[in-house]
Amino acid sequence: EENSPAAYVHDTQCVLYDGPDERYTGRELCFNASEDKIVIVDVTDKTSPVTVGLTDYENVSYAHQGWLTEDQAYFLANDELDETTHETNTRTIVFDVTDLENPTVHFEHFHDTRSIDHNNYVHNGLVYQSNYTSGLRVLDAASVGDPDNPRLEPFGFFDTYPWHSDPTFDGTWSNYPYFESGTIAVSGIDEGLFLLSLSDGAGGLP
C-alpha cells in the first residue's frame with residue numbers, strides 16, 4: 001500500500017463512495033478495521049491502493065469490524081478485546097468520516113452488558129450487532145448526527161445465549177439483516193441458526 005505503513009486488515013467494508021466528502025465521489029473505498037486502528041483506503045486502482053486516512057482511538061485492543069451508516073458519514077466499529085483488557089461494558093465506537101482524510105472519534109456508545117461485541121451491520125437506519133453472549137442487539141442510528149446529543153438508541157434484542165452476558169467467546173457471532181422479507185438470520189456458535197423478525201413492540205415500531 002502506498003504512503004502508509006503496512007497494516008493487517010481483519011475486516012473491511014468496501015463501497016462505491018457517495019458520501020459527504022465530494023473529493024472521493026465515485027471512488028471505490030474500503031473502511032478497514034486493522035487491529036490497532038481504522039484505515040480508509042482508495043482501491044479504485046487495484047494495482048495501487050492508496051491510504052486516504054487513518055486513526056486510532058482510546059483503549060484500543062483489537063479493532064475488529066465496522067460498518068458505515070447509510071449516508072456514509074459515520075463508521076460504527078467494534079473492538080473485540082476491550083471488554084476483557086480494559087474491563088469496559090460492551091462498546092460501539094462511532095467515527096466521523098465526513099472528512100475522509102481526517103477520521104475522528106465522534107462518540108462511544110456503551111451497552112448495559114459486558115459481552116464482547118462482534119459483527120455489526122446497518123440496514124434501514126438500524127444497527128444489527130451480534131454481541132456474543134448478549135445476543136443480537138438492535139440500535140436506532142437516527143440520532144448519530146445530532147449536533148447536541150449524538151447517540152445510538154437501544155431498539156430491540158434477542159438473547160441467543162441466555163445463560164450469561166459475560167465477556168466470553170460464546171453465543172452469536174454474526175447476523176444478516178438484508179433479506180427483503182425482513183427476516184434476520186443470526187448465527188450461534190454452538191446454538192445453531194436463528195431466524196428472527198422485529199416485533200411490533202420493538203423500539204419505535206407501532
Side-chain angles (χ1 to χ4, degrees), residues 1-17 19 21 24 27-44 46 49-86 88-111 113 115-123 126-132 134 136-139 141 144 150 152 167 169 171-178 186-187 189:
E1 183 177 311
E2 293 182 358
N3 305 322
S4 173
Y8 171 80
V9 174
H10 179 275
D11 216 309
T12 186
Q13 182 189 12
C14 297
V15 299
L16 290 176
Y17 185 73
D21 194 335
Y24 292 91
R27 308 290 292 179
E28 185 174 0
L29 302 182
C30 292
F31 293 75
N32 304 296
S34 297
E35 294 193 299
D36 60 355
K37 55 187 169 293
I38 301 298
V39 185
I40 304 169
V41 179
D42 187 331
V43 297
T44 308
K46 304 301 183 294
V50 178
T51 296
V52 173
L54 58 85
T55 186
D56 59 7
Y57 52 92
E58 288 188 4
N59 292 337
V60 60
S61 293
Y62 193 82
H64 171 263
Q65 185 261 1
W67 210 257
L68 290 165
T69 53
E70 284 151 318
D71 60 4
Q72 299 182 347
Y74 301 97
F75 185 69
L76 283 59
N78 52 73
D79 186 306
E80 195 174 14
L81 299 179
D82 56 347
E83 290 82 17
T84 52
T85 58
H86 296 286
T88 69
N89 275 20
T90 312
R91 177 174 64 145
T92 303
I93 307 114
V94 180
F95 294 90
D96 183 333
V97 292
T98 53
D99 179 351
L100 293 169
E101 297 178 5
N102 185 36
T104 58
V105 174
H106 187 46
F107 69 94
E108 296 177 330
H109 172 82
F110 288 93
H111 298 249
T113 62
S115 67
I116 297 166
D117 46 344
H118 207 245
N119 289 9
N120 73 112
Y121 306 97
V122 179
H123 183 53
L126 297 177
V127 186
Y128 294 82
Q129 300 184 326
S130 283
N131 286 352
Y132 278 106
S134 65
L136 177 72
R137 298 282 161 159
V138 184
L139 304 170
V144 164
L152 293 166
F169 293 100
T172 177
W173 195 84
S174 195
N175 69 86
Y176 185 84
Y178 300 106
V186 181
S187 63
I189 295 171

>> Whether the side chain of T44 engages the backbone of E28 through a donor-acceptor N/O pair (distance < 3.5 Å, no angle test) should be reported.
In response: yes
> Which value, rounded to the nearest 0.5 Å, describes the distance between L29 atom CG and N32 atom CG?
Replying inline: 10.0 Å
> Closest heavy-atom contact between D96 and D99?
Replying inline: OD1-N, 4.5 Å
> Counting N and O atoms only, with roles assigned by atom type, does the side chain of S115 sit under 3.5 Å from a partner on the main chain of N131, one being a donor and the other an acceptor?
Replying inline: yes
> When S61 is tested against each of T85, T88, T84 for side chain to side chain donor-acceptor pair (under 3.5 Å), which residue passes?
Replying inline: T85
>> So, taking the atom named OH in Y176 and the one named NE2 in H123, what distance separates them when rounded to the nearest 0.5 Å?
In response: 8.5 Å
> Taking all non-hydrogen atoms of both residues, which atom of Y17 and which atom of D21 are closest, and how far apart?
Replying inline: OH-N, 2.9 Å
>> For Y57, give me all partners under ring-ring contact (aromatic ring centres under 6.0 Å, His included), at least two apart in sequence or on another chain.
In response: F95
> With distance as the sole test, does T172 use its side chain to make a donor-acceptor pair with the main-chain N or O of S187 at under 3.5 Å?
Replying inline: yes
> Hey, mind stepping through V122 and E70 against side-chain contact (heavy atoms from CB on, under 4.5 Å) and telling me if it holds?
Replying inline: CA-CA 7 Å; V122 179; E70 284 151 318; 4.1 Å; yes
>> Could you go through D82 and D117, starting from their C-alpha distance and side-chain angles, then the distance that decides it, and tell me whether this counts as side-chain contact (heavy atoms from CB on, under 4.5 Å)?
In response: CA-CA 9 Å; D82 56 347; D117 46 344; 4.2 Å; yes
> Once you round to the nearest 0.5 Å, how far does CD of E108 lie from CD1 of I93?
Replying inline: 6.0 Å
>> Please give me the minimum heavy-atom distance between A33 and A63, naming the atom from each residue.
In response: CB-O, 3.6 Å
> Quick check: does any side chain N or O of H106 sit under 3.5 Å from a backbone N or O of V144, one acting as donor and the other as acceptor?
Replying inline: yes
> Do any N or O atoms from the side chain of D42 and from the backbone of V52 form a donor-acceptor pair under 3.5 angstrom?
Replying inline: no
> What closest approach, in Å, do S130 and N175 show between heavy atoms, and which atom pair accounts for it?
Replying inline: OG-ND2, 3.1 Å
> Hey, mind stepping through H86 and R91 against side-chain contact (heavy atoms from CB on, under 4.5 Å) and telling me if it holds?
Replying inline: CA-CA 11 Å; H86 296 286; R91 177 174 64 145; 5.6 Å; no
>> Using modelled atom types and a 3.5 Å cut-off, is there a donor and acceptor pairing between side-chain atoms of Q65 and backbone atoms of N78?
In response: no
> How many angstroms lie between CH2 in W67 and OH in Y128, if you round to the nearest 0.5 Å?
Replying inline: 14.0 Å
> What residues form a salt bridge (charged side-chain N to carboxylate O under 4.0 Å, His left out) with D79, not counting sequence neighbours?
Replying inline: none
>> Working to the nearest 0.5 angstrom, can you tell me the gap between C30 SG and I40 CD1?
In response: 11.0 Å
> Is the distance between the ring centroids of F31 and F75 under 6.0 Å?
Replying inline: yes
> Between Y132 and E80, does any side-chain donor sit less than 3.5 Å from a side-chain acceptor?
Replying inline: yes
> V127 and L76: which non-hydrogen atoms are nearest, and at how many Å?
Replying inline: CG2-CD2, 3.5 Å
>> According to side chain to side chain donor-acceptor pair (under 3.5 Å), who are the partners of H109, at least two apart in sequence or on a separate chain?
In response: none
>> Between Q72 and V97, does the side-chain contact (heavy atoms from CB on, under 4.5 Å) criterion hold? Intermediate values first, please.
In response: CA-CA 8 Å; Q72 299 182 347; V97 292; over 6 Å; no
>> Would E101 and Y24 count as a side chain to side chain donor-acceptor pair (under 3.5 Å) here? Give the steps.
In response: CA-CA 10 Å; E101 297 178 5; Y24 292 91; 2.6 Å; yes
> Going from OG1 on T92 to CZ on F110, what distance comes out if it is rounded to the nearest 0.5 angstrom?
Replying inline: 9.5 Å
>> Tell me the closest heavy-atom pair linking V39 and S34, and the distance in Å.
In response: CG2-OG, 3.9 Å
